[in-house]
Amino acid sequence: MLVLGFESSCDETGVALYDTERGLLAHALYSQVEMHAEYGGVVPELASRDHIRRALPLTEIVLKNADKTLKDIDGIAYTQGPGLAGALLVGTSIAQSLAFALNVPSVAVHHLEGHLLAPLLEENPPEFPFVALLVSGGHSQLMCVEGIGEYTLLGDTLDDAAGEAFDKTAKLLGLGYPGGPALAKLADSKHAERGKTHFKLPRPMLNSGDLNFSFSGLKTAVLTMVNNNSPLTDDVRADIAWEFQEAVTEILTVKCMSALRETGLDNLIVSGGVGANSRLRTRLNAATKRKMCKVSYPRLEFCTDNGAMIAFAGAMRLRVKINKNQDYSFGVKPRWDLAELTKP
Ligand code: KG4
Ligand code: ZN
């Protein structure tokens with residue numbers, strides 16, 4: 001079964017073709033980062049308009065790269081939420097119109113289910129059940145995943161998401177937008193020098209006894225540090241970035257290991273934009289190895305938003321269940337709880 005997938009929940013237009021027999025055939029992505037950079041963040045209306053410009057050219061590229069035509073498509077998957085309403089509406093309306101015109105089934109995909117299943121696109125994919133750490137710009141959750149649509153929330157952030165904390169801290173350090181990867185790069189440069197810093201940040205909720213997170217206090221602590229050390233030298237900036245990354249990656253690692261212990265599982269997957277962080281990967285690799293557990297990640301480009309994870313999640317649902325009363329109307333779910341999903 002050949003499934004065309006659309007992702008347009010935020011500032012990336014992603015399109016991909018996934019074949020349930022042959023795997024991922026092609027994928028293409030357009031990032032709007034440059035367009036939003038001058039505003040210091042995503043401008044929703046500009047995002048929607050740009051998705052309109054990119055979606056069909058990307059679809060043509062993907063079909064051409066996979067040597068397929070529209071007639072070969074058996075089903076269409078699209079991100080219905082959560083995300084920016086206008087941006088979601090673009091992908092949803094294009095996907096539903098195309099499905100209607102081609103007379104093929106379509107499936108609405110939850111963006112976070114896409115992230116959760118992204119490691120399954122790799123060779124030697126992890127087997128269910130597993131613990132999933134989902135760390136993106138909007139979410140920081142630990143989940144017990146027993147199968148497609150079988151998700152139990154183990155822990156959540158009480159305030160900022162991990163990626164949001166990276167972005168806000170980067171802004172405080174004057175690193176621009178999007179700050180997460182820039183902050184990580186600066187921190188890693190410090191780490192390469194094996195530098196020790198006298199800056200010390202708290203590890204909020206490290207010993208809270210549950211699997212929840214809280215990152216907003218860290219950002220406030222960084223703000224105090226910045227105010228006390230202004231104007232920042234490059235060295236101080238790198239020191240703070242390094243200590244911030246140490247704090248976040250330590251908290252995430254400790255909570256992942258607690259989640260494995262509490263569930264009795266020995267299999268961890270990590271997904272979402274912060275899953276691309278190399279310090280986090282180093283720490284998780286070491287911690288899981290010590291406890292004889294496995295850890296899997298998506299390839300770097302599938303940690304952040306992409307069409308491949310949506311085509312894949314949609315294909316996993318469509319191959320099990322095709323809605324007999326196919327509905328081609330369209331609506332989006334800017335807010336959508338992952339726990340509402342059920343087995344296909
Ligand atoms: O999953 P994603 O592309 O979008 C959401 O669904 O939110 O994640 C984007 C987030 C941003 O907050 C970005 O700063 C963060 O992931 N991020 C990183 C890294 N790469 C992306 N954070 C830390 N280290 C990185 N290498
Ligand atoms: Zn995402």
Side-chain angles (χ1 to χ4, degrees), residues 5-14 16 29-33 36-37 40-42 44 47 51 78-84 87-88 91 109-119 132-141 157 160-173 175-191 213 215-216 218-219 241-242 244-253 269-284 297-310 312-313 334-336 338:
F6 287 99
E7 155 62 30
S8 72
S9 64
C10 189
D11 58 348
E12 257 121 17
T13 323
L29 187 83
Y30 183 85
S31 169
Q32 306 173 352
V33 155
H36 297 296
V42 178
H51 286 305
Y78 59 94
T79 307
Q80 193 184 27
L84 301 170
L88 289 165
V109 173
H110 192 295
H111 181 78
L112 297 186
E113 178 168 72
H115 275 303
L116 265 188
L117 302 180
L133 172 71
L134 209 147
V135 269
S136 70
H139 295 85
S140 296
Q141 298 184 330
T157 179
D160 291 351
E164 189 181 1
F166 263 90
D167 294 337
K168 287 180 174 171
T169 301
K171 211 169 193 171
L172 292 175
L173 295 177
L175 298 176
Y177 164 88
L183 192 153
K185 200 169 159 206
L186 187 60
D188 290 345
S189 73
K190 187 74 199 175
H191 200 71
F213 309 97
F215 295 111
S216 74
L218 265 180
K219 175 195 64 194
W242 185 69
F244 173 82
Q245 182 169 265
E246 288 303 294
V248 174
T249 54
E250 182 182 343
I251 296 164
L252 292 175
T253 305
I269 71 107
V270 183
S271 64
V274 183
N277 187 278
S278 63
R279 182 70 179 131
L280 178 64
R281 289 186 177 210
T282 304
R283 278 184 182 266
L284 287 174
Y297 314 89
R299 70 193 81 167
L300 288 180
E301 63 181 325
F302 292 165
C303 281
T304 44
D305 292 349
N306 64 86
M309 66 185 194
I310 302 303
F312 178 74
R335 288 177 175 273
W336 188 5
L338 190 67

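For ligands, and for the atoms within them, numbers begin at 1 and follow the listed sequence.
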* **Any N/O pair N277/ligand 1 closer than 3.5 Å** => yes
* To do: Pull out every atom of ligand 1 sitting under 4.0 Å from any heavy atom of G163, numbered as shown with elements.
  => 12 (O)
* **Stepwise side-chain hydrogen bond (donor to acceptor under 3.5 Å, both in side chains) check, T79 with H111** => CA-CA 6 Å; T79 307; H111 181 78; 4.5 Å; no
* For H110, what residues pass the side chain to side chain donor-acceptor pair (under 3.5 Å) criterion, not counting sequence neighbours? -> none
* **Residue that, paired with H115, satisfies side chain to side chain donor-acceptor pair (under 3.5 Å) out of N306, T304, D305** => D305
* Asked: Within less than 4.0 angstrom of ligand 1, does H111 place any heavy atom?
  -> yes
* Asked: Going through the distances and angles, do D188 and Q245 end up as a side-chain contact (heavy atoms from CB on, under 4.5 Å)?
  -> CA-CA 9 Å; D188 290 345; Q245 182 169 265; 3.0 Å; yes
* Asked: Is there a donor-acceptor pair closer than 3.5 Å between any side-chain N or O of R281 and the backbone N or O of G275?
  -> yes
* To do: Starting from atom 4 (O) of ligand 1, locate the nearest protein heavy atom and write down its residue, its atom name and how far away it is, to 0.1 Å.
  => D305 OD1, 3.4 Å
* Which of the atoms in ligand 1, numbered in the order shown and given with their element, are less than 4.0 Å from a heavy-atom of H115? -> 1 (O), 6 (O)
* **Side-chain touch Q32/H36, heavy atoms, less than 4.5 angstrom** => yes
* Give yes or no for whether the N/O distance cutoff of 3.5 Å, strictly under, is met between T304 and ligand 1. => no
* Has the side chain of S140 got a donor or acceptor atom that lies under 3.5 Å from a matching backbone atom of A162? -> yes
* Asked: Can the ring centroids of F215 and F166 be said to lie less than 6.0 angstrom from one another?
  -> no
* Where ligand 1 meets P181 - atom numbers and elements under 4.0 angstrom, heavy-atom basis -> 14 (O), 20 (N), 21 (C)
* Structure fact -> Among non-hydrogen protein atoms, atom 19 (C) of ligand 1 lies closest to G273 O, 3.6 Å
* Can you sort out which atoms of ligand 1 are near G138, meaning under 4.0 Å from one of its heavy atoms? => 7 (O)
* Check: E12 main-chain N/O paired with S31 side-chain donor or acceptor under 3.5 Å -> no
* Does the side chain of Q141 reach to within under 4.5 Å of the side chain of L112, using non-hydrogen atoms? -> yes
* For atom 10 (C) of ligand 1, which of A184, G137, G180, S278 has the closest heavy atom? -> G137
* Region of H139 that comes within reach of ligand 1 [heavy atoms, distance under 4.0 Å] -> neither
* Starting from atom 11 (C) of ligand 1, locate the nearest protein heavy atom and write down its residue, its atom name and how far away it is, to 0.1 Å. => D167 OD2, 3.5 Å
* Would you check, one step at a time, whether the test side-chain hydrogen bond (donor to acceptor under 3.5 Å, both in side chains) holds for N277 with T249? => CA-CA 9 Å; N277 187 278; T249 54; 5.7 Å; no
* Asked: With atoms numbered from 1 as shown, which atoms in ligand 1 lie under 4.0 angstrom from a non-hydrogen atom of C303?
  -> 1 (O)
* Donor-acceptor pair, E7 side chain versus I310 backbone, under 3.5 Å? -> no
* Tally of protein N, O or S atoms, where distance to the Zn ion (ligand 2) is under 2.8 Å -> 3
